[in-house]
J.: 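Just dropping this structure here.
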Amino acid sequence: MATINGSHSRPKVLIPEKVSPDGLRLLQESLDVEEKKGLIPNQLLDIIGEYDALIVRSETKVTSALLSAGKKLKVVARAGVGVDNVDLGAATKLGIIVVNSPQGNINAAAEHTIALLMAVARNIGGASLSIKAGKWERSQLVGVEVKGKTLGILGLGKVGLTVARAAGGLGMTLVSYDPYANPSLAAAANVELVPSMDELLEQADFLTIHTPMIASTKGIIGASELSKMKKSARILNVARGGIVDESALLSALEVGTIAGAGMDVFTTEPPKPGDAASKLIEHPKVVATPHLGASTVEAQENVSIDVCTQVISILSGQLPRSAVNAPIILPEEYRTLQPFVTLLEKMGSLYTQHFGLSNSSQRMRTTFELTYEGTLASTSNTKPLFASLVKGLVSPITSADSLNINIVNAELVAKERGILISEYKSRENLEQEGYAASVTLRARLDPRSPSASRRSNPADPTDTERQRKIRDQVITGFVSNNQPYISRLGRFTCQFIPTGTMIICRNYDEPGKIGIVGGRLGKAGVNIRFMNVAPIEQNGDKLAVDSQPSGSQKENEALMILGVDKPVDDDVKKGLIGGDGVLEANVVVL
Ligand SMILES: NC(=O)C1=CN([C@@H]2O[C@H](COP(=O)(O)OP(=O)(O)OC[C@H]3O[C@@H](n4cnc5c(N)ncnc54)[C@H](O)[C@@H]3O)[C@@H](O)[C@H]2O)C=CC1
Ligand SMILES: O=C(O)C(=O)COP(=O)(O)O
């Protein structure tokens, strides 16, 4: 990728919100960084096509339309925790990695929650306004203490636990409802996990919300939940607007069934004049802040450095630390897999160019078995290998600019194209072969196809021929000295590096063939860089059982694989076939 990878243009990063300069300085070393604040959605849509990366906070709505317009986008980085402003499904489909900073602002959000807790308990907001207005209202501004009170925590994740530890220090009793909480972490923070939200609502003197905004938490605190709480209870929301139903909370405050609220987040930010959120902000029992939970110097430095480092990693072809829509791969694991990543892509591309991949528009499925052999069988994370194979399989039949296949979207792309790949592991020791690990890709009959669901009919030559053809579609590869090799192609044992333009000829295994092909290529001005003669796979091979030639197939055939120095046109290819030449010739570019 650009200068990061040695080419000339520098990748471009767009930052439409305020992100701390600490991370941006890191980006500037290798990327073109453009900060453009105050863009309206249409302006963003117009320019996003130029950028390789987008860094946002909570204000920018990263919609499906924006992601689709970002033709060069590889990564969307959220300088913070919540990714509810990013259409994750669309990003995944487009192969755009979404990263966030899951730790950088946790402490800031927790401290802000404690600030609101105290402000609500002691009427700090109202008292400050009153004294600034020249008043001295002591008796109307009597508060309550938090010591000895029960803090109900909805969502005991990173922020919830940090709040719990601080509130424990203030002498509060801690209860939480979180069906997915870690019980030992809860116990260590002296938090009692209650089995239902109703119990939490009934016990809480203060209820603080720390769940993500997802479908199941939208409006989770509504009129019915508020009615179960003590009249003296107060509510804090430093998570996301809309988790608490703003209209229901407003009514409860107005009728006095809830005593107060501290609100940092709102359904629409900034709230529209006259809507429930605006009325809440104006309400005397509410202390409100404009989404300031993460707004500390320290938190902004943390999240900025965190996401900018990840953007640099992704644009230089490495894996990010905190991808929201991709599996986590440890750097060590990635280094081991990297040569196989290349091998799998070459194997996929070789398959499609040599055997042909059925077109998804024909509504046919192609079914594969992918077997990791030897030491590769102990790899737990085969996602990068799977993704490379899919990329290799479809790249020869897809325009390059519409191809952004990676660990994020490989499964989806395969599914959409009717490619079904089952992964297997074989722990067989391969050391006698001279390498520790190999991979075999073999086509299978689609279990849904008519010829697979019934026994093959030997009386039907087309049926037998079709099945034989599919069974012959096998490729094995291995890696030696970080170099990928192909060791089996169809029925033939070979050994060649899959690179550049190659002519794959099938011929009778008879003397003189090499000279004839060499002569014909020489006449066409094509130089041979390397050659490999591949005989039929011999017995003892685990794959040979299925690959016995039949019908028109002769056992004395071989492949001749020639690496050549320039593109080979159709006439040259056809010129190799017939006479004393070869039976079949195919050109592949890897
Ligand atoms: N106001 C601000 O500036 C900031 C807000 N946040 C927000 O705080 C929230 C929490 O962040 P983290 O603690 O980092 O997330 P987290 O993922 O560590 O924790 C969320 C917890 O919510 C729990 N949960 C999910 N659904 C639940 C349900 N239906 N009922 C009960 N519990 C449920 C999960 O099990 C998890 O333990 C997020 O919405 C985030 O966006 C975070 C940082 C700053
Ligand atoms: O990290 C989060 O989830 C936050 O809500 C912080 O949002 P912000 O980056 O301050 O717009």
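Residue numbers count from 1 along this sequence. Keep in mind the model is a prediction, meaning the values are calculated, not measured. Numbering of ligands and ligand atoms starts at 1, following listing order.
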J.: Quick check on Arg240 - does any of its heavy atoms sit under 4.0 Å from an atom of ligand 2?
T.: yes
J.: Could you tell me, atom by atom, which parts of ligand 1 come under 4.0 Å of a heavy atom of Gly82?
T.: 41 (O)
J.: For ligand 1, is any non-hydrogen atom under 4.0 Å from Met197's backbone (N, CA, C, O), its side chain (CB onward), both, or neither?
T.: neither
J.: What protein heavy atom lies closest to atom 37 (O) of ligand 1? Include the residue and the distance to one decimal.
T.: Asp178 OD2, 2.6 Å
J.: Could you tell me the residue and atom name of the protein heavy atom closest to atom 3 (O) of ligand 1, and the distance to it rounded to 0.1 Å?
T.: Ala294 N, 3.0 Å
J.: Roughly how far, to the nearest 0.5 Å, is the CG atom of Leu236 from the CD1 atom of Ile209?
T.: 8.0 Å
J.: Counting both backbone and side chain atoms, is some N or O of Asn105 under 3.5 Å from an N or O of ligand 2?
T.: yes
J.: Going by distance alone, is a donor N or O of one side chain under 3.5 Å from an acceptor N or O of the other, for Glu137 and Ser130?
T.: yes
J.: Under the 3.5 angstrom rule, does the side chain of Arg234 hit a backbone N or O of Ser232 as a donor-acceptor pair?
T.: yes
J.: What do we get for Leu292 next to ligand 2 when only non-hydrogen atoms under 4.0 Å count, side chain, backbone, both or neither?
T.: neither
J.: Nearest protein heavy atom to atom 4 (C) of ligand 1, by residue and atom, and its distance?
T.: Val238 O, 3.7 Å
J.: Check each atom of ligand 2 against the heavy atoms of Gly82 and keep those under 4.0 Å away; list them by number with element.
T.: 1 (O), 2 (C), 3 (O)
J.: Please give me the minimum heavy-atom distance between Ile131 and Trp136, naming the atom from each residue.
T.: CD1-CZ3, 3.6 Å
J.: May I ask you to check whether over 12 heavy atoms, not counting those of Lys228, lie within 6.0 Å of atom NZ?
T.: yes
J.: Which pair of heavy atoms, one from Ser196 and one from Tyr177, lies closest together, and at what distance?
T.: C-CD1, 3.6 Å
J.: Does any N/O atom on Ser216 come nearer than 3.5 Å to any N/O atom on ligand 1?
T.: no
J.: Do other residues, nucleotides or ligands put more than 12 heavy atoms under 6.0 Å from Lys230 NZ?
T.: yes
J.: Start with the C-alpha gap between Glu298 and Asn302, add the side-chain angles, then the distance that decides, and say whether side-chain hydrogen bond (donor to acceptor under 3.5 Å, both in side chains) holds.
T.: CA-CA 6 Å; Glu298 296 85 348; Asn302 292 343; over 6 Å; no
J.: Closer than 4.0 Å to some heavy atom of Gly155 - which atoms of ligand 1 meet that?
T.: 22 (O), 23 (C), 32 (N)
J.: Would you call Lys36 and Glu34 a salt bridge, taking side-chain N to carboxylate O under 4.0 Å as the test?
T.: yes
J.: Check for a donor-acceptor pair, side chain of Ser378 on one end and backbone N or O of Thr375 on the other, with a separation under 3.5 Å.
T.: yes
J.: Among protein heavy atoms, which lies nearest atom 8 (O) of ligand 1, and at what distance?
T.: Ala239 CA, 3.9 Å
J.: For atom 12 (P) of ligand 1, what's the nearest protein heavy atom and its distance?
T.: Val159 CG2, 3.8 Å
J.: Only heavy atoms of Gly157, strictly under 4.0 Å: list the atoms of ligand 1 that pass.
T.: 13 (O), 18 (O), 19 (O), 21 (C), 37 (O)
J.: Which residue holds the protein heavy atom closest to atom 20 (C) of ligand 1, what is that atom called, and what is the gap in Å?
T.: His210 O, 3.5 Å
J.: Counting each atom of ligand 2 from 1 as listed, which ones have a heavy atom of Gly80 under 4.0 Å away?
T.: 1 (O)
J.: Using a strict 4.0 Å cut-off to heavy atoms of His291, name the atoms of ligand 1 that fall inside it.
T.: 1 (N), 2 (C), 3 (O)
J.: As an exercise, identify every atom of ligand 2 less than 4.0 angstrom from a heavy atom of Ala294.
T.: 6 (C), 10 (O)
J.: Is Lys279 salt-bridged to Glu246, going by a charged N under 4.0 Å from an acidic O?
T.: no
J.: Regarding Asp22 and Ser20, is there a side-chain donor-to-acceptor distance under 3.5 Å anywhere?
T.: yes
J.: Considering residues, nucleotides and ligands other than Glu145, do more than 12 of their heavy atoms fall under 6.0 Å from its CD?
T.: no
J.: Considering only protein heavy atoms, which is closest to atom 1 (O) of ligand 2, and at what distance to one decimal place?
T.: Val81 N, 2.6 Å
J.: Below 4.0 Å, non-hydrogen atoms only: which portion of Ile220 touches ligand 1? Side chain, backbone, both or neither.
T.: side chain
J.: Just how far is it from atom OG1 of Thr162 to atom NE2 of His210, taken to the nearest 0.5 Å?
T.: 9.0 Å
J.: Between Ala109 and ligand 1, which residue portion shows a heavy-atom distance shorter than 4.0 Å: side chain, backbone, both, or neither?
T.: side chain
J.: Are Pro212 and ligand 1 in contact, using a heavy-atom cut-off of under 4.0 Å?
T.: yes
J.: I need the atoms of ligand 2 closer than 4.0 Å to a non-hydrogen atom of His291, numbered in the order shown.
T.: 4 (C), 5 (O), 6 (C), 7 (O)
J.: Has Pro179 got any heavy atom lying under 4.0 angstrom from an atom of ligand 1?
T.: yes
J.: Below 4.0 angstrom from a heavy atom of Leu156, which ligand 1 atoms are there? Numbered from 1 as shown, please.
T.: 37 (O)
J.: Atoms of ligand 1 less than 4.0 Å from Thr217 heavy atoms?
T.: 26 (N), 29 (N)
J.: Is it the case that the side chain of Ser176 and the backbone of Ile153 share a donor-acceptor pair, with hydrogens and angles ignored and the cut-off at 3.5 Å?
T.: yes
J.: Tell me the nearest of Arg57, Glu59, Met213 to atom 10 (O) of ligand 2, using heavy-atom distances.
T.: Arg57
J.: Taking atom types as modelled, find out whether Thr289 and Asp264 have a side-chain donor-acceptor pair closer than 3.5 angstrom.
T.: yes
J.: Could you tell me whether Glu17 approaches ligand 2 through its side chain, its backbone, both or neither, with non-hydrogen atoms closer than 4.0 Å?
T.: neither
J.: In the protein, which heavy atom is nearest to atom 38 (C) of ligand 1, and how far is it?
T.: Thr211 O, 3.7 Å
J.: Quick one: does Ala79 get a heavy atom under 4.0 Å from ligand 2?
T.: yes
J.: Please assess Leu385 against Val439 for the test side chain to side chain contact (heavy atoms under 4.5 Å, CB included), listing each intermediate value before the final yes or no.
T.: CA-CA 10 Å; Leu385 305 179; Val439 198; 6.0 Å; no
J.: Provide, to 0.1 Å, the distance between atom 4 (C) of ligand 2 and the closest protein heavy atom, together with that atom's residue and name.
T.: Arg78 NH2, 3.1 Å
J.: For atom 16 (P) of ligand 1, grab the closest protein heavy atom and report residue, atom and distance to one decimal in Å.
T.: Lys158 NZ, 3.7 Å
J.: Find all atoms of ligand 2 within a distance of less than 4.0 Å from any non-hydrogen atom belonging to Ser58, and give their numbers and elements.
T.: 7 (O), 8 (P), 11 (O)
J.: Just how far is it from atom CG of Asp245 to atom CD1 of Ile243, taken to the nearest 0.5 Å?
T.: 12.5 Å
J.: Show me which atoms of ligand 1 lie under 4.0 Å from any heavy atom of Ile106.
T.: 14 (O)
J.: Any chance NZ of Lys132 has more than 12 other-residue heavy atoms, nucleotides or ligands included, within less than 6.0 Å?
T.: no
